[in-house]
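Below is one structure, written out as C-alpha coordinates; the observations come after it.
Naming convention: chains lettered A, B, ... in sequence-line order (proteins, then strands); numbering from 1 in each chain.
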Number of protein chains: 2
Amino acid sequence: MKITFRGDYALKAVLDLALHYGDELVTIHDMAQRIDAPVKFLEQILLDLKKGGFIESRRGKVGGFLLSKPPYNVTVGDVVRFIDGSIEPIACVKDKYVSCKDVYKCVFRKIWQDVYEATSNVIDNVTFGQLAIKAGAAEHALEYSI
Amino acid sequence: MKITFRGDYALKAVLDLALHYGDELVTIHDMAQRIDAPVKFLEQILLDLKKGGFIESRRGKVGGFLLSKPPYNVTVGDVVRFIDGSIEPIACVKDKYVSCKDVYKCVFRKIWQDVYEATSNVIDNVTFGQLAIKAGAAEHALEYSI
DNA sequence: ATATACTCTACTATGTTAATAGAGTTTATA
DNA sequence: TATAAACTCTATTAACATAGTAGAGTATAT
(Lines give C-alpha, C1' and ligand atoms only; values in the text may rest on other atoms or scores of the structure.)
Protein backbone atom coordinates (compact mmCIF):
# COMPACT_ATOMS: atom_id res chain seq x y z
CA MET A 1 0.00 0.00 0.00
CA LYS A 2 1.24 3.43 -0.94
CA ILE A 3 -0.55 6.54 0.30
CA THR A 4 -0.25 9.50 -2.09
CA PHE A 5 -0.66 13.18 -1.21
CA ARG A 6 -4.09 12.87 -2.74
CA GLY A 7 -4.97 10.06 -0.35
CA ASP A 8 -3.40 11.86 2.56
CA TYR A 9 -5.44 15.01 1.90
CA ALA A 10 -8.59 12.94 1.42
CA LEU A 11 -8.15 11.29 4.80
CA LYS A 12 -7.56 14.62 6.50
CA ALA A 13 -10.56 16.09 4.73
CA VAL A 14 -12.85 13.33 5.94
CA LEU A 15 -11.42 13.70 9.45
CA ASP A 16 -12.10 17.43 9.27
CA LEU A 17 -15.71 16.77 8.33
CA ALA A 18 -15.95 14.19 11.10
CA LEU A 19 -14.79 16.83 13.56
CA HIS A 20 -17.62 19.09 12.33
CA TYR A 21 -20.27 16.41 12.04
CA GLY A 22 -23.60 17.84 13.17
CA ASP A 23 -22.32 21.42 13.06
CA GLU A 24 -22.45 23.86 10.14
CA LEU A 25 -21.12 23.04 6.69
CA VAL A 26 -17.40 23.25 6.07
CA THR A 27 -16.09 25.30 3.14
CA ILE A 28 -13.18 24.20 0.99
CA HIS A 29 -11.30 27.33 1.89
CA ASP A 30 -11.51 26.78 5.64
CA MET A 31 -10.71 23.11 5.33
CA ALA A 32 -7.72 23.75 3.07
CA GLN A 33 -6.29 26.07 5.67
CA ARG A 34 -6.74 23.61 8.52
CA ILE A 35 -5.37 20.56 6.76
CA ASP A 36 -2.71 22.55 4.87
CA ALA A 37 -3.70 21.57 1.34
CA PRO A 38 -3.79 23.61 -1.91
CA VAL A 39 -7.38 24.81 -2.39
CA LYS A 40 -7.70 23.85 -6.04
CA PHE A 41 -6.22 20.42 -5.45
CA LEU A 42 -8.51 19.85 -2.49
CA GLU A 43 -11.48 20.83 -4.67
CA GLN A 44 -10.83 17.89 -6.96
CA ILE A 45 -10.41 15.51 -4.09
CA LEU A 46 -13.65 16.61 -2.43
CA LEU A 47 -15.45 16.15 -5.73
CA ASP A 48 -14.06 12.62 -5.87
CA LEU A 49 -15.13 11.89 -2.33
CA LYS A 50 -18.58 13.12 -3.27
CA LYS A 51 -18.76 10.77 -6.25
CA GLY A 52 -17.70 8.00 -3.90
CA GLY A 53 -20.64 8.76 -1.63
CA PHE A 54 -18.49 9.76 1.31
CA ILE A 55 -19.56 13.37 1.47
CA GLU A 56 -22.33 15.71 0.35
CA SER A 57 -22.30 19.35 -0.62
CA ARG A 58 -24.51 22.43 -0.69
CA ARG A 59 -23.86 25.08 -3.30
CA GLY A 60 -24.41 28.80 -3.11
CA LYS A 61 -23.67 31.47 -0.58
CA VAL A 62 -23.83 29.43 2.61
CA GLY A 63 -22.65 26.25 0.93
CA GLY A 64 -20.05 23.77 2.02
CA PHE A 65 -19.45 20.09 2.64
CA LEU A 66 -20.61 17.53 5.15
CA LEU A 67 -20.18 13.84 5.81
CA SER A 68 -22.83 11.60 4.22
CA LYS A 69 -22.66 9.01 6.96
CA PRO A 70 -21.95 9.10 10.69
CA PRO A 71 -18.17 9.11 11.33
CA TYR A 72 -18.39 5.71 13.00
CA ASN A 73 -19.62 4.18 9.76
CA VAL A 74 -16.58 5.18 7.70
CA THR A 75 -13.18 3.52 8.01
CA VAL A 76 -9.75 4.65 6.92
CA GLY A 77 -9.69 1.62 4.61
CA ASP A 78 -12.84 2.81 2.82
CA VAL A 79 -11.26 6.14 1.92
CA VAL A 80 -7.80 4.79 1.07
CA ARG A 81 -9.16 2.10 -1.24
CA PHE A 82 -11.41 4.58 -3.00
CA ILE A 83 -8.85 7.35 -3.48
CA ASP A 84 -5.55 5.52 -3.86
CA GLY A 85 -6.86 2.27 -5.29
CA SER A 86 -5.85 -1.25 -4.42
CA ILE A 87 -3.82 -1.73 -1.26
CA GLU A 88 -2.13 -4.87 -2.58
CA PRO A 89 1.68 -4.77 -2.59
CA ILE A 90 1.64 -6.19 -6.11
CA ALA A 91 -1.18 -6.93 -8.51
CA CYS A 92 -1.52 -10.66 -8.15
CA VAL A 93 -2.93 -11.33 -4.71
CA LYS A 94 -6.47 -11.66 -5.95
CA ASP A 95 -5.52 -13.95 -8.84
CA LYS A 96 -7.12 -17.31 -8.37
CA TYR A 97 -4.82 -19.96 -6.98
CA VAL A 98 -5.58 -22.24 -9.92
CA SER A 99 -2.90 -24.45 -11.38
CA CYS A 100 0.02 -22.21 -10.47
CA LYS A 101 2.29 -23.27 -13.27
CA ASP A 102 4.77 -20.52 -12.48
CA VAL A 103 6.59 -21.75 -9.39
CA TYR A 104 8.35 -18.43 -8.89
CA LYS A 105 5.08 -16.50 -8.75
CA CYS A 106 3.41 -19.11 -6.67
CA VAL A 107 5.96 -18.99 -3.89
CA PHE A 108 5.62 -15.28 -3.27
CA ARG A 109 1.88 -15.12 -3.52
CA LYS A 110 1.24 -16.17 0.05
CA ILE A 111 3.58 -13.43 1.28
CA TRP A 112 1.69 -10.73 -0.61
CA GLN A 113 -1.56 -12.16 0.65
CA ASP A 114 -0.30 -12.03 4.23
CA VAL A 115 0.82 -8.43 3.80
CA TYR A 116 -2.51 -7.55 2.26
CA GLU A 117 -4.45 -9.09 5.11
CA ALA A 118 -2.26 -7.54 7.79
CA THR A 119 -2.71 -4.13 6.18
CA SER A 120 -6.45 -4.54 5.83
CA ASN A 121 -6.65 -5.60 9.41
CA VAL A 122 -5.27 -2.21 10.46
CA ILE A 123 -6.99 0.22 8.13
CA ASP A 124 -10.39 -1.47 8.09
CA ASN A 125 -10.66 -1.36 11.85
CA VAL A 126 -10.24 2.36 12.41
CA THR A 127 -13.27 4.58 11.96
CA PHE A 128 -13.30 8.34 11.64
CA GLY A 129 -15.45 8.42 14.76
CA GLN A 130 -12.51 7.01 16.72
CA LEU A 131 -10.06 9.35 15.00
CA ALA A 132 -12.23 12.39 15.67
CA ILE A 133 -12.16 11.65 19.37
CA LYS A 134 -8.38 11.33 19.31
CA ALA A 135 -7.99 14.50 17.27
CA GLY A 136 -10.43 16.32 19.51
CA ALA A 137 -8.49 15.22 22.58
CA ALA A 138 -5.24 16.31 20.97
CA GLU A 139 -6.64 19.71 20.06
CA HIS A 140 -7.91 20.08 23.58
CA ALA A 141 -4.53 19.13 25.00
CA LEU A 142 -2.93 21.78 22.82
CA GLU A 143 -5.24 24.53 24.03
CA TYR A 144 -4.12 23.94 27.58
CA SER A 145 -0.48 23.44 26.73
CA ILE A 146 -0.02 27.00 25.50
CA MET B 1 4.62 -1.00 0.45
CA LYS B 2 4.53 -1.22 -3.31
CA ILE B 3 6.47 -3.91 -5.16
CA THR B 4 7.61 -2.88 -8.64
CA PHE B 5 8.49 -5.17 -11.54
CA ARG B 6 12.09 -4.45 -10.63
CA GLY B 7 11.49 -5.70 -7.10
CA ASP B 8 9.50 -8.65 -8.30
CA TYR B 9 12.28 -9.74 -10.66
CA ALA B 10 14.88 -9.20 -7.95
CA LEU B 11 13.03 -11.49 -5.56
CA LYS B 12 12.65 -14.18 -8.21
CA ALA B 13 16.32 -13.83 -9.12
CA VAL B 14 17.42 -14.35 -5.53
CA LEU B 15 15.06 -17.29 -5.21
CA ASP B 16 16.53 -18.75 -8.40
CA LEU B 17 20.03 -18.46 -6.94
CA ALA B 18 18.79 -19.98 -3.70
CA LEU B 19 17.48 -22.95 -5.66
CA HIS B 20 20.97 -23.35 -7.16
CA TYR B 21 22.92 -22.63 -4.00
CA GLY B 22 25.95 -24.94 -3.85
CA ASP B 23 25.57 -25.99 -7.49
CA GLU B 24 27.15 -24.37 -10.55
CA LEU B 25 26.87 -20.69 -11.31
CA VAL B 26 23.69 -19.37 -12.89
CA THR B 27 23.89 -17.28 -16.07
CA ILE B 28 21.68 -14.28 -16.69
CA HIS B 29 20.35 -15.90 -19.81
CA ASP B 30 19.19 -19.06 -18.08
CA MET B 31 17.75 -17.16 -15.15
CA ALA B 32 15.88 -14.73 -17.40
CA GLN B 33 14.22 -17.64 -19.12
CA ARG B 34 13.18 -19.32 -15.88
CA ILE B 35 11.82 -16.24 -14.15
CA ASP B 36 10.42 -14.74 -17.37
CA ALA B 37 12.27 -11.42 -17.28
CA PRO B 38 13.86 -9.32 -20.09
CA VAL B 39 17.56 -10.20 -20.16
CA LYS B 40 18.85 -6.61 -20.33
CA PHE B 41 16.56 -5.48 -17.55
CA LEU B 42 17.58 -8.40 -15.39
CA GLU B 43 21.23 -7.51 -15.99
CA GLN B 44 20.75 -4.17 -14.28
CA ILE B 45 18.92 -5.71 -11.40
CA LEU B 46 21.58 -8.34 -10.83
CA LEU B 47 24.24 -5.62 -10.85
CA ASP B 48 22.22 -3.79 -8.19
CA LEU B 49 21.90 -6.92 -6.09
CA LYS B 50 25.64 -7.32 -6.38
CA LYS B 51 26.26 -3.79 -5.17
CA GLY B 52 23.92 -4.56 -2.28
CA GLY B 53 26.04 -7.52 -1.31
CA PHE B 54 23.35 -10.09 -1.97
CA ILE B 55 25.06 -11.87 -4.82
CA GLU B 56 28.48 -12.40 -6.37
CA SER B 57 29.55 -13.00 -9.93
CA ARG B 58 32.27 -14.64 -12.00
CA ARG B 59 33.09 -13.23 -15.38
CA GLY B 60 34.31 -15.00 -18.48
CA LYS B 61 33.43 -18.15 -20.27
CA VAL B 62 32.03 -20.21 -17.42
CA GLY B 63 30.83 -17.18 -15.50
CA GLY B 64 27.57 -16.58 -13.75
CA PHE B 65 26.02 -15.54 -10.47
CA LEU B 66 25.72 -17.03 -7.04
CA LEU B 67 24.32 -16.06 -3.68
CA SER B 68 26.80 -14.35 -1.33
CA LYS B 69 25.19 -15.76 1.79
CA PRO B 70 23.33 -18.95 2.67
CA PRO B 71 19.66 -18.69 1.64
CA TYR B 72 18.59 -18.91 5.28
CA ASN B 73 20.43 -15.68 6.03
CA VAL B 74 18.54 -13.55 3.51
CA THR B 75 14.94 -12.44 4.00
CA VAL B 76 12.38 -11.14 1.54
CA GLY B 77 12.42 -7.90 3.51
CA ASP B 78 16.15 -7.45 2.91
CA VAL B 79 15.72 -7.59 -0.86
CA VAL B 80 12.50 -5.55 -1.03
CA ARG B 81 13.91 -2.73 1.10
CA PHE B 82 17.09 -2.63 -0.95
CA ILE B 83 15.50 -2.70 -4.39
CA ASP B 84 12.17 -0.91 -3.93
CA GLY B 85 13.14 1.35 -1.05
CA SER B 86 11.15 2.15 2.04
CA ILE B 87 8.17 -0.04 2.83
CA GLU B 88 6.34 2.74 4.68
CA PRO B 89 2.85 3.52 3.37
CA ILE B 90 3.69 7.23 3.56
CA ALA B 91 6.90 9.06 4.36
CA CYS B 92 6.28 10.12 7.92
CA VAL B 93 6.32 6.98 10.03
CA LYS B 94 9.92 7.45 11.07
CA ASP B 95 9.44 11.13 11.97
CA LYS B 96 9.96 11.65 15.63
CA TYR B 97 6.81 11.94 17.68
CA VAL B 98 7.94 15.31 19.05
CA SER B 99 5.46 18.07 19.69
CA CYS B 100 2.99 17.02 17.02
CA LYS B 101 1.59 20.45 16.37
CA ASP B 102 -0.34 19.20 13.37
CA VAL B 103 -3.28 17.32 14.85
CA TYR B 104 -4.31 15.94 11.45
CA LYS B 105 -0.93 14.36 10.83
CA CYS B 106 -0.63 13.15 14.36
CA VAL B 107 -3.84 11.18 14.31
CA PHE B 108 -2.88 9.10 11.28
CA ARG B 109 0.69 8.47 12.28
CA LYS B 110 -0.08 5.54 14.53
CA ILE B 111 -2.03 3.87 11.73
CA TRP B 112 0.89 4.08 9.32
CA GLN B 113 3.17 2.81 12.04
CA ASP B 114 0.91 -0.17 12.63
CA VAL B 115 0.79 -0.95 8.92
CA TYR B 116 4.56 -0.63 8.71
CA GLU B 117 5.08 -3.02 11.60
CA ALA B 118 2.55 -5.52 10.33
CA THR B 119 4.22 -5.52 6.94
CA SER B 120 7.71 -5.85 8.39
CA ASN B 121 6.49 -8.71 10.50
CA VAL B 122 5.62 -10.64 7.36
CA ILE B 123 8.49 -9.89 5.01
CA ASP B 124 11.28 -9.93 7.60
CA ASN B 125 10.33 -13.40 8.74
CA VAL B 126 10.56 -15.26 5.47
CA THR B 127 13.99 -16.40 4.32
CA PHE B 128 14.94 -17.60 0.86
CA GLY B 129 15.90 -20.87 2.45
CA GLN B 130 12.27 -21.42 3.38
CA LEU B 131 11.07 -20.26 -0.02
CA ALA B 132 13.51 -22.54 -1.85
CA ILE B 133 12.09 -25.54 -0.04
CA LYS B 134 8.56 -24.53 -0.99
CA ALA B 135 9.54 -23.87 -4.59
CA GLY B 136 11.45 -27.13 -4.73
CA ALA B 137 8.43 -28.98 -3.39
CA ALA B 138 6.18 -27.25 -5.91
CA GLU B 139 8.50 -28.10 -8.80
CA HIS B 140 8.60 -31.67 -7.61
CA ALA B 141 4.81 -31.76 -7.37
CA LEU B 142 4.59 -30.49 -10.93
CA GLU B 143 6.87 -33.21 -12.28
CA TYR B 144 4.52 -35.84 -10.99
CA SER B 145 1.36 -34.01 -11.93
CA ILE B 146 2.05 -34.12 -15.67
C1' DA C 1 42.10 -16.19 -30.90
C1' DT C 2 37.58 -16.36 -29.77
C1' DA C 3 33.30 -17.34 -27.91
C1' DT C 4 30.86 -16.64 -23.80
C1' DA C 5 29.35 -14.07 -20.09
C1' DC C 6 29.48 -10.20 -16.97
C1' DT C 7 29.91 -4.61 -16.70
C1' DC C 8 28.67 0.00 -17.35
C1' DT C 9 26.46 4.14 -19.20
C1' DA C 10 23.13 6.35 -21.80
C1' DC C 11 18.72 6.83 -23.70
C1' DT C 12 13.57 6.58 -24.24
C1' DA C 13 8.56 5.76 -24.07
C1' DT C 14 4.88 5.68 -21.04
C1' DG C 15 2.37 6.67 -17.06
C1' DT C 16 1.54 8.84 -12.52
C1' DT C 17 1.54 12.54 -9.36
C1' DA C 18 0.63 16.98 -7.72
C1' DA C 19 -0.71 20.43 -8.76
C1' DT C 20 -2.51 25.08 -11.57
C1' DA C 21 -5.87 27.62 -14.45
C1' DG C 22 -10.06 29.26 -15.69
C1' DA C 23 -14.73 29.29 -17.07
C1' DG C 24 -19.31 27.88 -15.43
C1' DT C 25 -23.30 27.04 -12.07
C1' DT C 26 -26.00 27.64 -7.83
C1' DT C 27 -27.97 30.15 -4.02
C1' DA C 28 -28.67 33.48 -0.01
C1' DT C 29 -29.44 38.07 0.68
C1' DA C 30 -29.18 43.10 0.43
C1' DT D 1 -32.60 41.54 -9.26
C1' DA D 2 -27.71 42.23 -8.85
C1' DT D 3 -24.00 40.26 -6.62
C1' DA D 4 -20.85 37.90 -3.78
C1' DA D 5 -19.77 33.52 -2.05
C1' DA D 6 -19.18 28.88 -2.80
C1' DC D 7 -19.35 24.58 -5.31
C1' DT D 8 -18.55 22.23 -10.34
C1' DC D 9 -16.11 20.71 -14.24
C1' DT D 10 -12.52 20.22 -17.82
C1' DA D 11 -8.02 21.01 -19.50
C1' DT D 12 -3.18 21.56 -19.05
C1' DT D 13 1.48 21.01 -17.21
C1' DA D 14 6.04 20.20 -14.85
C1' DA D 15 8.49 16.82 -12.60
C1' DC D 16 9.46 12.30 -11.58
C1' DA D 17 9.31 7.14 -11.64
C1' DT D 18 8.96 2.93 -14.11
C1' DA D 19 10.18 -0.51 -17.38
C1' DG D 20 12.54 -1.23 -20.45
C1' DT D 21 16.20 -0.93 -24.87
C1' DA D 22 20.81 -0.21 -26.92
C1' DG D 23 25.45 -0.70 -27.40
C1' DA D 24 30.19 -0.55 -26.35
C1' DG D 25 33.50 -2.51 -23.11
C1' DT D 26 35.97 -6.08 -20.01
C1' DA D 27 37.28 -10.67 -18.27
C1' DT D 28 38.29 -15.57 -18.80
C1' DA D 29 38.23 -20.71 -20.08
C1' DT D 30 39.53 -23.38 -23.78
- Query: Can you give the first and last nucleotides of DNA chain D, 5' to 3', that have an atom under 4.0 Å from a heavy atom of chain A?
  - Reply: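 Contact span on the strand: D:dA5 to D:dA11.
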- Message: Can you build the contact string for nucleotides 15-22 of chain C? Use B for base contact, S for sugar-phosphate-only contact, and - for no protein heavy atom under 4.0 Å.
- Response: --SSBBBB
- Query: Should the pair A:Asp36-A:Lys12 be classified as a salt bridge under the 4.0 Å nitrogen-to-oxygen rule?
  - Reply: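 Judged by the 4.0 Å cut-off on N to carboxylate O distance, A:Asp36 and A:Lys12 do not form a salt bridge.
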- Message: Do the side chains of A:Asp124 and A:Arg81 get close enough for a salt bridge, i.e. N-O under 4.0 angstrom?
- Response: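 Answer for the salt bridge query: yes.
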- Are A:Leu47 and A:Leu49 grouped together when hydrophobic residues (ILVMFWY) are joined by side-chain heavy atoms under 4.5 angstrom apart?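 No, A:Leu47 and A:Leu49 fall in different hydrophobic clusters.
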Roughly, in whole Å, what's the span from [atom1] in [X] to [atom2] in [N]?
| X | N | atom1 | atom2 | result |
| --- | --- | --- | --- | --- |
| B:Arg59 | C:dC8 | CZ | C1' | 9 Å |
| B:Leu47 | C:dC6 | CG | P | 10 Å |
| B:Leu46 | C:dC6 | CG | P | 8 Å |

- Query: Tell me, do A:Gln33 and A:His29 make a side-chain contact under 4.5 Å, heavy atoms counted?
  - Reply: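 A side-chain contact exists here, since the closest heavy-atom pair is under 4.5 Å.
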- Query: With side chains defined as the heavy atoms from C-beta onward, is the minimum distance between A:Glu88 and A:Gln113 less than 4.5 Å?
  - Reply: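 Not touching, per the 4.5 Å side-chain cut-off.
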- Query: Does A:Phe54 have any ring pair (Phe, Tyr, Trp, His ring centres under 6.0 Å) partners at least two apart in sequence or in another chain, and if so, which?
  - Reply: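 Here the qualifying residues are A:Phe82.
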- Message: Has A:Asp84 got a side-chain atom pairing as donor or acceptor with A:Thr4's backbone, closer than 3.5 angstrom?
- Response: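 Indeed, once roles are kept as given, a pair shorter than 3.5 Å links the two residues.
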- Message: Taking any heavy-atom pair under 4.0 Å as a contact, classify B:Lys50: base, sugar-phosphate, or nothing.
- Response: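 Sugar-phosphate: the residue B:Lys50, judged by heavy atoms under 4.0 Å, touches backbone atoms but no base.
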- Message: Ring-plane angle category for B:Phe5 and B:Tyr9, please: parallel below 30°, perpendicular beyond 60°, tilted otherwise.
- Response: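 Rings of B:Phe5 and B:Tyr9: perpendicular, as their planes differ by over 60°.
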